[in-house]
Amino acid sequence: MDPLGRAQLLEFLKKEFSAENLSFWEVCEELRYGEQSRINEIVDSIYQQFLAPGATRWVNIDSKTMERTLEGIKTPHRYVMDDAQMHIYMLMKKDSYPRFLKSELYRNLLAEAVIPPETKKRVFPFMRKQRHSSPSP
């Protein structure tokens, strides 16, 4: 949701040669929430850029997801890319995003962040506290 964070993630993904994943996810969001009158145009654009053989920004999705997506494209609707979008989201969630969180780019972003005083103690309240090893043998 954070535009600056998303821009930094995109920069990281460019260095990792996988920026097309975030771009694909974003254009699928445009399809889902965009104008009804542009659905056919957006679906065609997504296909040409990301899914067609030899596409310039080809995304790596499994064969079953590709089959379902290609079948759905025959009758375009705003949810036709959902399976492919979820596949790419999970790739980023399990692989790219954790590496981004460990990157120098992300550390620099955090260092420059303005953090309100009341949240300085725990920047990420959802993170678990460090576990201490037990002194017992």
Work out which heavy atom in [X] is nearest to a heavy atom in [Y]; give both atom names and the distance.
{"X": "Phe12", "Y": "Ser103", "result": "CE1-CB, 3.7 Å"}
{"X": "Pro98", "Y": "Lys93", "result": "CD-O, 3.1 Å"}
{"X": "Thr69", "Y": "Ala84", "result": "OG1-CB, 3.7 Å"}
{"X": "Leu31", "Y": "Arg78", "result": "O-NH1, 3.3 Å"}
{"X": "Ser23", "Y": "Leu10", "result": "OG-CD1, 4.4 Å"}
{"X": "Met66", "Y": "Trp58", "result": "CE-NE1, 4.4 Å"}

When you compare the side chains of Glu29 and Gln85, does any donor N or O come within less than 3.5 Å of an acceptor on the partner? yes
Do Glu20 and Leu13 make a side-chain contact, defined as non-hydrogen atoms from C-beta onward lying under 4.5 Å apart? no
With a 4.5 Å heavy-atom cut-off, do Val27 and Phe50 have their side chains touching? yes
Test: Glu71 and Arg68 ion pair at under 4.0 Å: no
Look at the side-chain heavy atoms of Ile, Leu, Val, Met, Phe, Trp and Tyr, link any pair under 4.5 Å apart, and say whether [X] and [Y] land in one connected group.
{"X": "Tyr79", "Y": "Phe24", "answer": "no"}
{"X": "Leu22", "Y": "Leu4", "answer": "yes"}
{"X": "Ile42", "Y": "Tyr33", "answer": "no"}
{"X": "Met81", "Y": "Met90", "answer": "yes"}

Identified side chain to side chain donor-acceptor pair (under 3.5 Å) partner of Arg38 from the options Gln36, Glu41, Glu35: Glu41
[atom1] of [X] to [atom2] of [Y]: how many Å apart, nearest 0.5 Å?
{"X": "Asn21", "Y": "Arg57", "atom1": "CG", "atom2": "CZ", "result": "10.0 Å"}
{"X": "His77", "Y": "Arg32", "atom1": "NE2", "atom2": "CZ", "result": "11.0 Å"}
{"X": "Gln8", "Y": "Asp2", "atom1": "CD", "atom2": "CG", "result": "9.5 Å"}
{"X": "Thr75", "Y": "Asn40", "atom1": "OG1", "atom2": "CG", "result": "10.0 Å"}
{"X": "Ile61", "Y": "Leu51", "atom1": "CD1", "atom2": "CG", "result": "5.0 Å"}
{"X": "Tyr89", "Y": "Trp25", "atom1": "OH", "atom2": "CH2", "result": "8.0 Å"}

Going through the distances and angles, do Met92 and Phe100 end up as a side chain to side chain contact (heavy atoms under 4.5 Å, CB included)? CA-CA 10 Å; Met92 290 190 297; Phe100 171 63; over 6 Å; no
